[in-house]
Structures are given as C-alpha cells and as structure tokens.
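Naming convention: chains lettered A, B, ... in sequence-line order (proteins, then strands); numbering from 1 in each chain. Being a predicted model, the structure only gives us computed values, none of them experimental. Reckoned from all heavy atoms, side chains included, excluding hydrogens, waters and symmetry mates.
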Protein chains: 2
Amino acid sequence: MLTSQRRALISARLANDGQIVAGELAREFDLSEDTIRRDLRDMAAAGLLKRVHGGALPVTPPLPDLESRQTMSTDVKKRLGRKAAELVRAGQLIFIDGGTTNAELVRALPRDMALTIATHSPVIAALLEKHRAEVILIGGRLYKHSMVSTGAAALAAIGMLRPDIFFLGATAIHPTHGLSTGDYEEAAIKRAIAARSAETVTLLTEEKFGAVSPHHIAGIEEIAGLIIPASMAPETSAPYRQKAVRIIEA
Amino acid sequence: MLTSQRRALISARLANDGQIVAGELAREFDLSEDTIRRDLRDMAAAGLLKRVHGGALPVTPPLPDLESRQTMSTDVKKRLGRKAAELVRAGQLIFIDGGTTNAELVRALPRDMALTIATHSPVIAALLEKHRAEVILIGGRLYKHSMVSTGAAALAAIGMLRPDIFFLGATAIHPTHGLSTGDYEEAAIKRAIAARSAETVTLLTEEKFGAVSPHHIAGIEEIAGLIIPASMAPETSAPYRQKAVRIIEA
DNA sequence: ATAAATCATGCAATATCGTGCAGAGTCAAG
DNA sequence: CTTGACTCTGCACGATATTGCATGATTTAT
C-alpha cells in the first residue's frame, strides 16, 4: 500500500470515527506503530488532524459552543486582555472582533479613555455600556455560533471605517496555514476588517495553536501583533516566532 | 479511549449537567477514581472547571453587566413579557426595541419558534443566542444611555425591513401627549420603525404612566396594543382605555 | 466525636513517544 | 549495469505520559 493511500485512509477513518488510536491502526495495516506515528506527526504538521497522546483527533473538535468557551481559562484570557489593552492609545479607532478573549480585552480597557470602538458583536457592544468611548455597532445578519454580524450589510458598514487597530478573533492558528475560523461568512468579514485596518492584532490561547479551521483569515506574517500566554510551552510557540512580526507574551 | 477525548467528554458533561461527580465518572469510564481526580485537577489548573470536594463545577461565567440587568427584572416585567410573547406567531418578522422590559419578552419567547427578529439593541441581540430565530442586528452609533443603535446607518438599515410587530420601548406615556422618550435620536429611530411596522405594541410598567419625556414617539391611538400590569389602579389606567386601540392586562 | 468518603502523594507497571540507525526499495544519472 | 541519493520502514533505546494501587491526610456527614 502506498503511503499517500494509507494516509488518505487515516483521514477517512478519522472523519468517520472521530478518533484515531495509533496501536489499532498499526495492527490493522500490519505496520509498526512507528510508521503510524510518523504518519500522524506529518498529518498533524499539515493540519489534517490534531495529535494527542495515544492517537489523534479531528482538527476542529465540534465541542465548544460559546457557553462552554465562556467558562474556559479565564485567568489566561484576562492576562491576554490586559496586555492587549496596553496597545490602545487615546483617540484611536479600534475594531473589536467577537469572542470571549476579546471580551476580556474590553474589560481591561480603561473606562474613561477617549476612543472610538467599532464592533460587530452585540456581546462586546453590551460590555461597553459603562465606557466613555463612542461605540459603533456593525449590524447585519447575526451568525449565532460566534454571535457576530455577517453579510452584505455588515460588509458595507465596515467599508466606512479605517480602524487603527483590529483585534481579531480566530479559532485556529497554524505555522503554515496561518489564522482560520469555522464559518465562511465570518472569515470574509474578518478579512474585510483586517484589510481596512492599519494593523491587526490577535489574542490567542494555547489550545488554538497547531489547529486549522476550514476558512482562511490571514497569514501569520500579516498580523502586526500576536499576544500569547507566557505559560505556553516553548516548543509550541517556536514555529510562530520565525514568521510573526511581533510576539507579545502575557 | 484517548485521554484527551475523555477530558473533552468531561467538559461536555459539565456544560450539560452543570456538575461532575468523580465517582460516577470513574464507573462510567471504567477507570480508577485517581485518574478522574487527576483529570479534574489538571483541567482545574487549565481553568476549564472549578474543583470541589467530590467532583467539579463549571467556572462561574462573569458577565456582570448582563447579570445586573437580570437582577433588575421584576415579576411585573416578567408577566408583561409573557403576555407580549403570546402575540408572536411563527414566521413573523418582529422588531424588538431596547430596554429591560423587552428583555423579559425575549426570555419569554419560545426558543424553538421559527421567527425573524430584528433589534437595534446589542443587549437584546445577546439574549437571543440560544434561540432558533434568525436575528438581524441593526448597526449604527450606539447611544449609551439606552444602549441602542442610532444615526443614519441605523435608519438606513431599518428602511430595509417591514416588521409584523414592533415591540416599542418608551420611558413615558401620557393621556394627551402619548409615548415619549428622553433622546432625540432615539425617538427618531423609534418613529421610523413604528412607521414601517404593521403594528406597534408596547409594554409599560406603572411608573411610566402620566409622565412626559421631551421627545415624542407616537400617540396612544397609533399603538395597536398596550400591555399593562393587571395590578394597576383603575383610576390610573382609565384615561388610556378611552384612546387605546387595545389594552392587554398581564 | 466518629465513621465514611474524598483527597494528595509516592511508587511501580505499562503504554506511548521521539530519535537515531540500518536495511530495503526506487529512481535517475553516469 | 552500476552507483549514489533518496524515501520508506522497522527496530532499539531512553524519555515521557498514563494509570492503578498503597498510604496517610483531609474533608464531610452523621
């Protein structure tokens, strides 16, 4: 059996079963576990799956909806948010994407800072109630999974803005595949905002590293600042340090 | 079963049941309690859950702003909201104004009803996350006091809609001056929505009766339904019963 | 206060991992 | 045909991860 054939079978099986156990595959293909491990390692590098101890899982585990994400690693997100808030200068126009990590950025922003803040997330907008900042809400069809406006109306409204900083939210980052997310419309909106912004900054928790989602947003070299947890394993962050314009640890 | 898979299941179960009992999980996965305890310990360290004696609980999601609004909601508003929700039919396009009373209407709406809901309030939009309804968010400059979109962009977006019902929020109602509110831009938006809607309904708590705010929204005779507390004094409501198209007590 | 349940820790057995190395096969240039 | 570069594969070996058990401490319930 050809290697590429075998890897195609592994992909198919992963899609079917939702998991891969290295030992099982070795028996099934009558190969050493080493070979399977090498397959899994290479496929993980190519973003086809997520390597875990004992086997592999699909890259985009269907698990975390917004609610469970709200409960995740809030301490880490608070630190990222505080570090990101330090990048903001009075008088700027900043665009804040949706997501719980960006919500922590909002909480860390000084309430009395004179700013203009644009967002297409009603959740982010609701958090800005007590801030002095002028808030521009981008409307559109609300995409429920991540609770952001999408569609032509949102794109048109974004066309009116020239943000100084775009705080981008993404579900996955990969050394070669860059930043990506799960929804087509959402990705289109994020690309549009990034294209109009002077610089794009993104806050990333550790579990997003090495993952790939279906829809591309931007390459790592296009991002002016990656804010990552200081607690990350050096070998996890190493491949990104090569390409990133600037990495800020929080 | 892979370790990371098991932990994902624990997360999912926690989100679903709201709690984890270590012993139960051990039997369920056919593993020693030590392993489960180690999982819980590590996941707690990662901020995924809160460890307690005997098991684990979800990390309390701190959404102070929305929470404080929830605590403000009174029984009266809940009753008004439930009554208003009964007016909504599947398939309709309804427009929901901002305000805590309309928030109760949203909570009373069946989550599985097929609807299109438009709103210019990010707070209302955020509450619709779990509903099946299609949500259209109206963007614009956010008016902080009542947290609704205003301005030309909002007006333009509203021009695209033909709502079946507009659930209007107002700060004051008066027998001769009708419905009014405190902000000029806000009043203009409300008038625009009402003008395009087949009918306008408003939910009113007792303290708003007899008051007048600077900016006129609509006369009482223009409102298809006034939803008022059944507990109101008859002499307070009497002047309105003359002019109103329909009064619904809740 | 006492018993039962739950917990943290250390330890040992097993599983899995990464890496280096060597043999077998492939392919193209000489 | 031969040679050398290359890839794929299996094996060895030390490192790391996972798990169950034993032990003693701590917490909870009665």
Side-chain angles (χ1 to χ4, degrees), chain A residues 1-14 17-59 61 63 73 75 174-176 206-207 209-211 229 231-242, chain B residues 1-14 17-60:
Chain A
M1 176 179 316
L2 300 174
T3 303
S4 57
Q5 253 180 327
R6 186 180 62 243
R7 295 195 176 181
L9 280 176
I10 292 177
S11 271
R13 182 174 177 135
L14 182 60
D17 302 354
Q19 70 171 100
I20 289 293
V21 179
E24 280 181 15
L25 274 194
R27 277 192 302 280
E28 197 159 320
F29 291 138
D30 197 23
L31 290 169
S32 76
E33 293 192 12
D34 303 68
T35 301
I36 301 300
R37 270 200 289 274
R38 269 184 278 248
D39 285 340
L40 297 183
R41 182 211 301 156
D42 296 348
M43 292 171 75
L48 296 170
L49 47 79
K50 183 176 171 66
R51 192 73 169 88
V52 299
H53 194 91
L57 294 174
V59 278
L63 273 165
S73 58
D75 281 355
H174 186 276
T176 57
E206 183 158 9
E207 81 275 6
F209 282 80
S231 57
M232 263 180 69
E235 60 269 22
T236 307
S237 62
Y240 304 89
R241 295 180 190 275
Q242 319 272 337
Chain B
M1 156 124 30
L2 301 171
T3 303
S4 54
Q5 235 179 348
R6 184 181 64 241
R7 296 195 176 181
L9 280 176
I10 292 176
S11 268
R13 185 180 174 128
L14 183 60
D17 301 355
Q19 66 166 27
I20 289 293
V21 179
E24 280 181 15
L25 276 192
R27 277 192 301 280
E28 199 159 319
F29 291 135
D30 196 24
L31 290 169
S32 75
E33 291 193 13
D34 303 68
T35 301
I36 301 299
R37 269 199 288 274
R38 269 184 278 248
D39 285 340
L40 297 183
R41 183 212 302 156
D42 295 348
M43 292 170 74
L48 295 169
L49 47 79
K50 180 180 164 67
R51 191 74 169 87
V52 296
H53 197 89
L57 294 174
V59 183
T60 48

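Heavy atoms only, all atoms of each residue included: B:Leu2 and A:Gly55 are closest at CD2-N, 4.0 Å. Closest approach of A:Leu14 to A:Ala56, counting heavy atoms only: CD1-O, 3.9 Å.
When the C1' atom of D:dT18 is taken as reference, atom CE of B:Met43 falls 16 Å away, rounded to whole Å. Atom CZ of B:Arg41 and atom P of D:dT18 are 12 Å apart (whole Å). Separating the CG atom of B:Leu2 from the C1' atom of C:dC17 is a distance of 14 Å, rounded to the nearest angstrom. For the pair A:Arg51 CZ and D:dT16 C1', the interatomic distance rounds to 13 Å; values are reported in whole Å. Rounded to whole Å, the distance from CG on A:Leu25 to C1' on C:dA15 is 16 Å. Computed from coordinates, the A:Arg7 CZ to D:dT7 P distance equals 13 Å when rounded to whole Å.
Counting heavy atoms from C-beta outward, A:Gln5 and A:Leu9 have side chains that stay 4.5 Å or more apart. Looking at heavy atoms from C-beta onward, A:Met43 lies out of side-chain contact with A:Arg51 at the 4.5 angstrom threshold.
Residues of residues 27-39 of chain B having a heavy atom closer than 4.0 Å to DNA chain D, listed by number: B:Leu31, B:Ser32, B:Asp34, B:Thr35, B:Arg38.
Not counting sequence neighbours, the partners of A:Asp42 by the side-chain hydrogen bond (donor to acceptor under 3.5 Å, both in side chains) test are A:Arg7. In this structure, the side-chain contact (heavy atoms from CB on, under 4.5 Å) partners of A:Pro229, at least two apart in sequence or on a different chain, are A:Val76, A:Leu80, A:Ser231, A:Met232. Partners of B:Leu31 under the side-chain contact (heavy atoms from CB on, under 4.5 Å) rule, at least two apart in sequence or in another chain, are B:Arg6, B:Phe29, B:Thr35.
Note on the helix from C:dA1-D:dT30 to C:dG30-D:dC1: angle between the axes of the first and last five pairs equals 30°, rounded to 10 degrees.
Residue contacts for A:Val21: at a heavy-atom cut-off of 4.0 Å it reaches no nucleic acid atom on any strand shown.
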Please tabulate, for the side chains in residues 20-28 of chain B, all donor-acceptor contacts under 3.5 angstrom to protein atoms that are two or more places apart in sequence or on a different chain.
residue : atom : partner : partner atom : Å
B:Glu24 : OE1  : B:Arg13 : NH2          : 3.3
B:Glu28 : OE1  : B:Arg13 : NH1          : 2.7
B:Glu28 : OE2  : B:Arg13 : NH1          : 2.7

